Enquirer: 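Structure below; questions to follow.
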Amino acid sequence: MPTQKNNKPPKETGKGKPTLLKRITKLFLKILLWFFIISVGLTVLYRFVPVYYTPLMFIRLAEQAIEGKELKLQRDWTPIEKISPNMVQAVIASEDNCFIGHCGFDFKGMQSAYKNNQKGKRIKGGSTITQQTAKNVFLYPNRSYLRKGLEAYFTVLIEIFWSKERIMEVYLNVIETGNGVYGVEQASQNYFHHTAAKLTKSEAALIAVTLPNPRKFSATKPSPYIKKRQAKILRIMNLIGKQELN
């Protein structure tokens with residue numbers, strides 16, 4: 001008696017089909033690749049193109065709108081050649097004494113900040129001017145580990161693709177210098193009624209002092225604390241002298 005052939009299709013064993021984990025991994029790698037391409041592309045672009053807007057500017061506008069305040073956004077891109085060397089000297093003295101020599105990170109400063117924080121002392125963080133520029137241009141004001149990790153990533157990119165002069169130029173143009181005020185050009189015009197090219201050492205030091213909290217500290221009505229900090233920065237400026245950027 002002839003045997004009947006089994007015409008039923010063979011059962012699928014699942015071989016060759018991507019598992020959920022593989023699909024998620026593939027999607028993650030694609031996102032990571034596109035993030036890398038876009039981040040490198042933007043960093044290279046900003047090496048040559050002025051940075052007119054930053055995430056912080058839009059965040060501040062949103063905060064103003066939520067609080068029912070008048071929307072205020074004052075910024076004026078100014079080439080570094082038209083910014084007084086006193087201003088460059090002041091922010092280096094105030095924010096990052098090793099700016100010229102480091103590769104984006106001040107490891108000694110970070111170590112010192114960590115040790116003092118462990119002791120409960122209040123000091124400024126170990127962030128360099130490059131790190132602050134990375135945060136201001138690409139990121140948002142948040143203290144999460146994710147933000148710090150992204151900040152470190154963009155700091156490396158900036159140090160690779162930008163010169164020290166370009167880092168300083170972008171920093172001085174995008175830094176928050178008051179309520180709705182960004183960049184040292186607007187700060188100079190608002191507080192001293194002249195361009196950033198004419199900033200004196202004293203005026204530059206006063207702007208630099210307010211940078212850690214420009215919406216709280218006033219350059220027009222400096223408190224005794226601000227004046228004390230200004231005097232300290234002026235002493236450091238005299239010690240370090242004029243800084244040559246490359």
Side-chain angles (χ1 to χ4, degrees), residues 25-61 73 75-81 83 87-114 124-177 182-185 208 211-212 214 243-246:
T25 303
K26 189 175 181 180
L27 176 62
F28 175 75
L29 290 175
K30 281 184 178 181
I31 293 172
L32 204 61
L33 177 62
W34 276 108
F35 172 75
F36 177 75
I37 293 171
I38 293 170
S39 59
V40 171
L42 279 176
T43 306
V44 173
L45 180 66
Y46 285 151
R47 170 66 179 85
F48 306 100
V49 177
V51 182
Y52 289 116
Y53 298 99
T54 66
L56 179 61
M57 294 179 187
F58 292 110
I59 290 171
R60 294 291 187 241
L61 285 173
L73 176 58
R75 84 282 182 277
D76 187 4
W77 181 271
T78 305
I80 197 166
E81 295 83 8
I83 297 174
M87 192 67 245
V88 174
Q89 193 179 11
V91 293
I92 290 177
S94 175
E95 299 292 312
D96 187 359
N97 297 167
C98 302
F99 173 70
I100 302 299
H102 65 58
C103 59
F105 303 94
D106 181 4
F107 294 106
K108 288 183 179 179
M110 291 165 67
Q111 189 177 39
S112 176
Y114 174 76
K124 72 173 185 177
S127 293
T128 63
I129 285 175
T130 311
Q131 287 175 279
Q132 293 180 51
T133 303
K135 178 187 70 176
N136 289 329
V137 173
F138 297 105
L139 302 170
Y140 47 91
N142 184 281
R143 294 183 180 275
S144 68
Y145 287 111
L146 174 62
R147 210 281 340 256
K148 292 299 290 184
L150 290 171
E151 179 185 296
Y153 169 73
F154 279 107
T155 296
V156 172
L157 289 185
I158 286 173
E159 284 285 343
I160 290 172
F161 293 108
W162 298 6
S163 64
K164 289 290 186 180
E165 183 179 65
R166 179 58 175 177
I167 295 170
M168 181 61 70
E169 181 176 51
V170 174
Y171 174 79
L172 293 177
N173 274 282
V174 303
I175 195 72
E176 189 176 27
T177 52
Y182 303 87
V184 298
E185 179 64 36
L211 293 182
Q243 301 292 295
E244 294 293 337
L245 304 176
N246 51 29

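Small disclaimer: the values here were computed from a predicted structure and weren't measured.
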Enquirer: If you take all heavy atoms of N136 and P55, which pair is closest and at what distance?
Expert: O-CD, 3.7 Å
Enquirer: If you define the side chain from C-beta out and look only at heavy atoms, does anything of Q131 sit under 4.5 Å from T128?
Expert: yes
Enquirer: Are the side chains of L150 and R147 in contact, using a 4.5 Å heavy-atom criterion?
Expert: no
Enquirer: In Å and rounded to the nearest 0.5 Å, what is the CG to OG1 distance from L211 to T177?
Expert: 7.5 Å
Enquirer: Give, for atom CD1 of I59 and atom OH of Y140, the distance between the pair rounded to the nearest 0.5 Å.
Expert: 9.5 Å
Enquirer: Do you know which two heavy atoms are closest between T155 and G104, and how far apart they sit?
Expert: CG2-O, 3.5 Å
Enquirer: What is the minimum heavy-atom distance between S94 and A208, and which atoms define it?
Expert: OG-O, 3.6 Å
Enquirer: Within a radius of less than 6.0 Å around CZ of F35, do more than 12 heavy atoms belonging to other residues, nucleotides or ligands occur?
Expert: yes
Enquirer: Side-chain contact test, heavy atoms from C-beta onward, threshold under 4.5 Å: evaluate it for E159 versus I167 and give yes or no.
Expert: yes
Enquirer: Just so I know, are the side chains of L245 and F99 near enough to count as touching, which here means a heavy-atom distance under 4.5 Å?
Expert: yes
Enquirer: Under the side chain to side chain contact (heavy atoms under 4.5 Å, CB included) criterion, do M168 and E165 qualify, and how do the steps go?
Expert: CA-CA 5 Å; M168 181 61 70; E165 183 179 65; 5.9 Å; no
Enquirer: Measure from the side-chain N and O atoms of W162 to the backbone N and O of T43, and report whether any donor-acceptor pair falls under 3.5 Å.
Expert: yes
Enquirer: Which value, rounded to the nearest 0.5 Å, describes the distance between L61 atom CG and L56 atom CG?
Expert: 9.5 Å
Enquirer: Does H102 form a side chain to side chain contact (heavy atoms under 4.5 Å, CB included) with K164? I'd like the steps, not just the answer.
Expert: CA-CA 10 Å; H102 65 58; K164 289 290 186 180; 3.6 Å; yes
Enquirer: Return yes if some donor-acceptor pair links the side-chain N/O of R166 with the main-chain N/O of R47 below 3.5 Å, else return no.
Expert: yes
Enquirer: Can you give me the closest heavy-atom contact between Q132 and Y171, atom names plus distance?
Expert: OE1-OH, 3.5 Å
Enquirer: Rounded to the nearest 0.5 Å, what's the gap from CD on E185 to CZ on R75? Could you check?
Expert: 12.5 Å
Enquirer: Side chains of D96 and V91, heavy atoms from C-beta outward: is any pair under 4.5 Å?
Expert: no
Enquirer: Within the 4.5 Å heavy-atom criterion, are P50 and E169 side-chain neighbours or not?
Expert: no
Enquirer: Show, in sequence, the C-alpha distance, side-chain angles and deciding distance for Y153 and F138, and conclude whether the ring-ring contact (aromatic ring centres under 6.0 Å, His included) test is met.
Expert: CA-CA 11 Å; Y153 169 73; F138 297 105; 9.1 Å; no
Enquirer: Taking it one step at a time, do V51 and W77 satisfy side chain to side chain contact (heavy atoms under 4.5 Å, CB included)?
Expert: CA-CA 8 Å; V51 182; W77 181 271; 4.2 Å; yes
Enquirer: Going through the checks in order, is the side chain to side chain contact (heavy atoms under 4.5 Å, CB included) test met by E151 and S127?
Expert: CA-CA 10 Å; E151 179 185 296; S127 293; 4.0 Å; yes
Enquirer: Measuring only between side-chain heavy atoms, which start at C-beta, is V170 closer than 4.5 Å to Y46?
Expert: no
Enquirer: Would you find a donor on one side and an acceptor on the other, under 3.5 Å apart, between the side chain of N173 and the backbone of V184?
Expert: no
Enquirer: I'd like to check I129 versus T133 (side-chain heavy atoms, cut-off strictly below 4.5 Å). Are they in contact?
Expert: yes
